[in-house]
Amino acid sequence: MNKVIVITGGTSGIGLACAKYLISKNYQVIITGRNQESLQKALNELGEKAAGYVSDTSILSDIDTLVNQIKENHGTIDGLFVNAGIFKSISFEDTNEVLFDETMNINFKGAFFTVQKFIPLLKNPSSVVLNTSIAVFKAFPNASIYSASKAALEAIAKVLNLELAQKGIRVNVVSPGVTHTPIQKKSGMTDEAIDGLLQHFSETSPIGRVVLPEDIAPVVEFLVSDNSLVLRNEKIVVDGGSTL
Ligand SMILES: NC(=O)c1ccc[n+]([C@@H]2O[C@H](COP(=O)([O-])OP(=O)(O)OC[C@H]3O[C@@H](n4cnc5c(N)ncnc54)[C@H](OP(=O)(O)O)[C@@H]3O)[C@@H](O)[C@H]2O)c1
């Protein structure tokens with residue numbers, strides 16, 4: 001039987017690349033996104049091996065609805081890639097409560113309750129993969145709340161591995177470096193600033209180019225596959241060596 005993997009935020013960037021890769025490896029993939037239009041566009045690209053649901057990860061009742069829909073239409077699942085996330089480029093001094101809450105509600109609170117609410121659907125054994133960031137251990141200006149949201153997410157992986165062990169659920173982390181995706185444009189950075197960031201990482205990284213979503217996908221596939229059955233709280237940094 002093909003494994004069934006849920007990817008939150010599968011309409012774009014890393015989530016979409018993972019969905020494509022997993023489908024190419026015969027997984028059945030279920031993606032989520034916030035709006036019907038981008039969800040449908042992604043589903044058209046992915047073809048009939050993918051299903052998708054509109055669900056805002058920062059709204060707990062949306063997660064409940066999503067879990068019920070997946071239970072009804074697909075049954076239990078083998079893996080959950082907690083990927084939905086945002087980045088807003090904003091200085092510490094300018095970060096207001098609205099931006100603070102938006103980032104924490106999507107990147108941490110939403111991720112926290114997504115894992116919690118999917119527990120009844122996760123098989124024994126199954127795999128949860130949390131998408132964090134090198135921003136947890138490397139400082140980037142204008143990323144204080146983003147770094148904190150991802151650090152919080154990484155912190156729960158340890159605890160979940162103890163609490164969910166009896167259910168056969170393992171939790172590991174993928175920590176991408178600066179990856180060229182639509183997230184930069186959505187962050188409020190200028191085109192010039194984005195070009196500068198990507199150029200800096202292309203020039204200084206040992207791989208001589210910026211990381212692409214397609215670089216992350218095989219790592220996520222490993223973490224949801226049986227090849228990683230004994231891994232617990234492992235963090236795989238996928239950054240082309242840019243933080244060495
Ligand atoms: N790109 C990087 O440099 C980088 C580095 C490290 C970590 N990451 C992490 O990788 C993950 C994916 O980012 P990306 O770079 O692929 O960005 P992206 O292209 O903007 O993709 C983000 C995805 O998350 C979804 N999303 C955002 N808010 C959501 C919400 N409230 N509910 C449901 N879905 C939501 C988006 O869907 P819609 O907008 O269509 O609703 C989209 O599918 C994020 O967690 C990000 O923090 C990225």
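Model, not experiment: these values are computed from the prediction. One-based numbering, in listed order, for ligands and for the atoms of each.
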Any idea which atoms of ligand 1 are less than 4.0 Å away from a heavy-atom of Gln184?
1 (N), 3 (O)
Would you mind telling me which of Val211, Leu197, Thr243 makes a side chain to side chain contact (heavy atoms under 4.5 Å, CB included) with Val178?
Leu197
Ile106 neighbourhood, listing ligand 1 atoms whose heavy-atom distance to it stays under 4.0 Å:
28 (N), 31 (N)
Does Ser58 reach the main-chain N or O of Gly110 with its side chain, forming a donor-acceptor pair under 3.5 Å?
no
Answer yes when Arg34 and Asp56 have at least one side-chain N-carboxylate O distance shorter than 4.0 Å, and no when they do not.
no
If you scan protein heavy atoms around atom 28 (N) of ligand 1, the nearest is Arg34 CZ, 3.2 Å
Looking at ligand 1, is there an atom of it that comes within less than 4.0 Å of some heavy atom belonging to Thr8?
no
Measure the distance from atom 7 (C) of ligand 1 to every protein heavy atom, then report the residue, atom name and distance (to 0.1 Å) of the closest one.
Thr132 O, 2.9 Å
Let me confirm one number: the OG1-CD1 distance from Thr95 to Ile90, rounded to the nearest 0.5 Å.
5.5 Å
What part of Ile183, side chain from CB on, backbone N/CA/C/O, both or neither, has a heavy atom under 4.0 Å from ligand 1?
both
Check each heavy atom of Lys150 against ligand 1 and say whether those closer than 4.0 Å belong to the side chain, the backbone, both or neither.
side chain
Would you kindly specify which portion of Thr57 sits under 4.0 Å from ligand 1, judged on non-hydrogen atoms: side chain, backbone, both or neither?
both
Cys18 and Ala217 have their tightest heavy-atom pair at SG-CA, 3.7 Å
Return the OG1 to CD1 distance between Thr114 and Ile106, rounded to the nearest 0.5 Å.
11.0 Å
Identify which of Asn83, Ile134, Asn131 has a heavy atom lying nearest to atom 45 (O) of ligand 1.
Asn83
Salt bridge present between Arg209 and Asp215 (N-O < 4.0 angstrom):
yes
Check this for me - ligand 1, Gly15, N or O atoms closer than 3.5 angstrom, yes or no?
no
Please identify which atoms of ligand 1 are closer than 4.0 Å to at least one heavy atom of Gly10.
43 (O)
Which residue owns the protein heavy atom closest to atom 18 (P) of ligand 1, what's the atom, and how far is it?
Ser12 OG, 3.5 Å
Starting from atom 31 (N) of ligand 1, locate the nearest protein heavy atom and write down its residue, its atom name and how far away it is, to 0.1 Å.
Asp56 OD1, 2.8 Å
The protein heavy atom nearest to atom 48 (C) of ligand 1 is Ile14 CD1, 3.8 Å
Check step by step if side chain to side chain donor-acceptor pair (under 3.5 Å) holds for Asn131 and Lys150.
CA-CA 8 Å; Asn131 192 349; Lys150 294 297 189 176; 5.2 Å; no
Might you point out which heavy atoms bring Tyr146 and Ser149 nearest each other, and give the distance in Å?
O-OG, 2.7 Å
For the backbone of Ser228 and the side chain of Arg170, can you confirm whether one donor and one acceptor N or O come within less than 3.5 Å of each other?
yes
Ligand 1 contact on Tyr146 by region, counting heavy-atom pairs under 4.0 Å
side chain
Looking at non-hydrogen atoms alone, which of Ala84, Ala17, Gly13 comes nearest to atom 35 (C) of ligand 1?
Ala84
Please work out whether any backbone atom (N, CA, C, O) or any side-chain heavy atom from C-beta onward of Ile86 is under 4.0 Å from ligand 1, and answer side chain, backbone, both or neither.
side chain
Are any of the N or O atoms of Ser133 closer than 3.5 Å to those of ligand 1?
no
Contact atoms of ligand 1, heavy-atom distance to Val178 under 4.0 Å:
3 (O)
Atom 5 (C) of ligand 1 [closest protein heavy-atom partner, distance rounded to 0.1 Å]:
Gly177 O, 3.3 Å
List the closest protein heavy-atom neighbour of atom 20 (O) of ligand 1: residue, atom name, distance to the nearest 0.1 Å.
Lys186 NZ, 2.7 Å
With a 4.0 Å cut-off on heavy atoms, is His180 in contact with ligand 1?
no
Residue, atom name and distance, where the atom is the protein heavy atom closest to atom 33 (C) of ligand 1
Ser55 O, 3.3 Å
Could you list the atoms of ligand 1 found under 4.0 angstrom from a heavy atom of Pro182?
19 (O)
Rounded to the nearest 0.5 Å, the OG1 atom of Thr57 sits from the CD1 atom of Ile86 at a distance of 11.0 Å
With the threshold set at 4.0 Å, does a side-chain nitrogen-carboxylate oxygen contact exist between Lys109 and Asp101?
no
Check whether any N or O atom of Asn107, backbone or side chain, sits under 3.5 Å from an N or O atom of ligand 1, and answer yes or no.
no
Option passing side chain to side chain contact (heavy atoms under 4.5 Å, CB included) with Ile169 (candidates Val128, Val115, Asn124):
Val128
Got a salt bridge between Asp191 and Lys185, using NZ or NE/NH1/NH2 to carboxylate O under 4.0 Å?
yes
Above 12 or not: heavy atoms from other molecules or residues under 6.0 Å from CZ of Phe100?
no
